[in-house]
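Okay, structure first, notes after.
Below, all heavy atoms of this structure are taken into account, side chains as well, without hydrogens, waters or symmetry copies. Throughout, a chain's letter reflects where its sequence line sits, starting with A, and its residues are numbered from 1. Keep in mind the model is a prediction, meaning the values are calculated, not measured.
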Amino acid sequence: MTPEQLADRVLSWYAAHGRDLPWRHTRDPYAILVSEVMLQQTQVDRVIERWTAWLERWPTAADLAAATRADVIAAWQGLGYNRRAVALHEAARMLAEQGIPQDQAGWRALPGVGPYTAAAICALALDHDVVPIDVNVQRILERALGATTIEPPTGKGHDLTQALFDVGATLCLARIPRCEACPLASDCPSRGQRYEPQRKQSRFEGSRRQARGQLLDRLRQAPIRFVDCDAEIAALLIKDGLAERRGSMLTLPQ
DNA sequence: ATCCTGTGGC
DNA sequence: GCCACGGGAT
């Protein structure tokens, strides 16, 4: 199968079976940025309501830039990878001050925006003909083409990106793909194959990760006396901009 | 127990 | 290149 055929079939499938997600109703770069940062390592179902509420509370980059960091961190509760909240807040300040970047390099200059997110924003908000490669898109391309990138047909970068996300999320699953429903199956060399998990995740119970999360949750409720917390864990939060020491107290920043 | 639309620090 | 970074769902 050629890349052109793949794009064709995925786009046809998407027209009939694509998901209707709230951030697909906007082209506002700030709103797309919020969705992409939330979606980094976080599943769609958990992001939908949080994105909607976030955009209601802070509709523009200037609105988010004007918020306190403490409020932004508090609003991130439950989304995980809390550094993203600090990065997004700082990114909003840069957007409010410097305007909207028009290319991937410009977006890469924002904290929390790496190669994937920069490409995604350019494809989805700026309508550039690029396809961001995340693990899901990479999986589809490797299985179907033996390739790691794809050049979208002119004018189709935006739709092909959304279409590949949906194929990856609903059909070309990591372990057990649903080839019987996949528009690529008839010409996919990997059709019918199963895959073993390769990633082993360390235990969460009793981990430093858990301790971090618990301390941050306490800070979200109220400042605490420094002596009442594990200094090593507090130092980790401070290093990431998630907490600060004020006298004898540990608080959310600002 | 395993999965999940990455980024940044070293 | 390797590692830390959350938390919910299944």
Side-chain angles (χ1 to χ4, degrees), chain A residues 10 14 18-19 21-24 32-51 73-91 104 107-125 130-142 150 157-158 160-178 194-220 232-233 235-243:
Chain A
V10 166
Y14 176 64
R19 296 172 296 179
L21 302 171
W23 45 89
R24 292 184 175 174
I32 301 288
L33 171 69
V34 174
S35 76
E36 288 301 332
V37 172
M38 286 184 173
L39 286 165
Q40 290 167 2
Q41 304 291 290
T42 304
Q43 292 166 151
V44 167
D45 286 346
R46 197 144 46 97
V47 167
I48 291 176
E49 289 188 7
R50 307 301 299 274
W51 181 85
I73 293 169
W76 199 262
Q77 183 164 35
L79 282 170
Y81 291 102
N82 297 291
R83 288 181 299 193
R84 294 184 294 170
V86 175
L88 181 58
H89 188 213
E90 180 58 24
Q104 290 190 48
W107 285 97
R108 282 298 304 275
L110 302 182
V113 178
Y116 163 76
T117 303
I121 293 169
C122 285
L124 301 178
V130 299
V131 173
I133 307 294
D134 64 12
V135 291
N136 300 289
V137 174
Q138 185 176 3
R139 198 167 59 230
I140 299 165
L141 298 180
E142 278 177 359
I150 185 168
H158 175 277
L160 184 59
T161 295
Q162 308 280 36
L164 287 169
F165 286 164
D166 287 2
V167 171
T170 65
L171 300 177
C172 202
L173 308 179
R175 300 277 300 283
I176 305 174
R178 300 180 53 221
R194 305 296 179 92
Y195 302 84
E196 292 305 313
Q198 60 268 63
R199 206 169 54 220
K200 42 151 195 272
Q201 199 162 292
S202 52
R203 170 176 224 82
F204 182 65
E205 273 318 301
S207 68
R208 193 161 55 179
R209 216 158 149 142
Q210 182 186 41
R212 251 184 88 121
Q214 288 174 345
L215 179 55
L216 188 56
D217 270 341
R218 289 170 64 197
L219 290 179
R220 283 178 168 120
E232 184 188 347
I233 300 300
L236 293 174
L237 291 182
I238 292 169
K239 179 153 59 65
D240 278 344
L242 289 165

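The nearest whole Å value for the distance from the CD atom in A:Glu205 to the C1' atom in B:dA1 is 13 Å. Counting to the nearest Å, the P atom of C:dA9 and the CD atom of A:Gln41 are 18 Å from each other. Atom pair A:Leu242:CG and B:dG9:P shows a separation of 13 Å (rounding to whole Å applied). The distance between atom CH2 of A:Trp76 and atom P of C:dG7, rounded to the nearest whole Å, is 12 Å. As a whole-Å value, the separation of A:Tyr81 OH from C:dG8 P is 13 Å. Distance A:Leu39 CG to C:dG6 C1': 15 Å, rounded to the nearest Å. In this entry the distance linking CE of A:Met38 with P of B:dT7 reads 16 Å, nearest Å. Per the geometry, CD1 belonging to A:Ile121 stands 9 Å off P belonging to B:dT7, to the nearest Å.
Within the nucleic acid shown, A:Val113 comes within 4.0 Å of sugar-phosphate atoms alone, with no base atom in reach, counting heavy atoms only. Looking at heavy-atom distances under 4.0 Å, A:Leu21 makes contact with a base. Residue A:Ala174 is classed as a sugar-phosphate contact, given heavy-atom separations below 4.0 Å to backbone atoms only. The residue A:Val137 sits apart from the nucleic acid: no heavy atom pair falls under 4.0 Å. Using a 4.0 Å heavy-atom distance criterion, A:Arg108 is classed as making no nucleic acid contact. Using a 4.0 Å heavy-atom distance criterion, A:Pro115 is classed as a sugar-phosphate-only contact. A:Leu173 comes within 4.0 angstrom of no nucleic acid atom, judged by non-hydrogen atoms across all strands.
Listed by chain and number, the residues in a side-chain hydrogen bond (donor to acceptor under 3.5 Å, both in side chains) with A:Ser35 amount to none (sequence neighbours excluded). Residues that satisfy the salt bridge (Lys or Arg N to Asp or Glu O under 4.0 Å) test with A:Arg212, not counting sequence neighbours, are A:Asp240.
Remark: A:Gln40 is not in phosphate contact with B:dT5, judged by side-chain N or O atoms under 4.0 Å from OP1 or OP2. An OP1 or OP2 oxygen of C:dA4 is reached within less than 4.0 angstrom by no side-chain nitrogen or oxygen of A:Arg208. Between B:dT2 and A:Arg175, no contact under 4.0 Å exists linking OP1 or OP2 to a side-chain N or O.
For C:dG6, its base sits under 3.5 Å from the side chain of A:Arg209 at one donor and acceptor pair at least. In this model, no side-chain donor or acceptor of A:Thr42 finds a partner on the base of C:dG8 within 3.5 Å. Judged by distance alone with a 3.5 Å cut-off, no donor-acceptor contact links the side chain of A:Tyr116 to the base of B:dT7.
Distance noted for atom P between C:dT10 and B:dT5: 13 Å (whole Å). Rounded to whole Å, the C1' atom of B:dC3 lies 14 Å from the corresponding atom of C:dG6.
Sequence order on DNA chain B of the closest nucleotides to A:Pro111 and A:Asn136 puts A:Asn136 first from the 5' end.
For A:Gln43, the listed nucleotide lying nearest its side chain is B:dC3; candidates were B:dC3, C:dC5, B:dG6. Comparing C:dG8, B:dT5, B:dC4 by their closest approach to the side chain of A:Glu36 singles out B:dT5. Here the nucleotide nearest the side chain of A:Trp23, chosen from B:dC3, B:dT5, B:dG6, is B:dT5. You'll find that the side chain of A:Asn82 is closest to C:dG6, out of B:dT5, B:dG6, C:dG6.
Shortest non-hydrogen contact noted between A:Gly168 and A:Arg139 is O-NH2, 3.2 Å. Across all non-hydrogen atoms, the minimal contact from A:Phe165 to A:Pro132 is CZ-CG, 4.0 Å.
A:Leu124 CG to A:Thr117 OG1: the interatomic distance, rounded to the nearest 0.5 Å, is 10.5 Å.
Judged purely by distance below 3.5 Å, without hydrogens or angles, the side chains of A:Arg50 and A:Thr42 never pair a donor atom with an acceptor atom. A:Gln40 and A:Arg84 share no side-chain donor-acceptor pair at under 3.5 Å.
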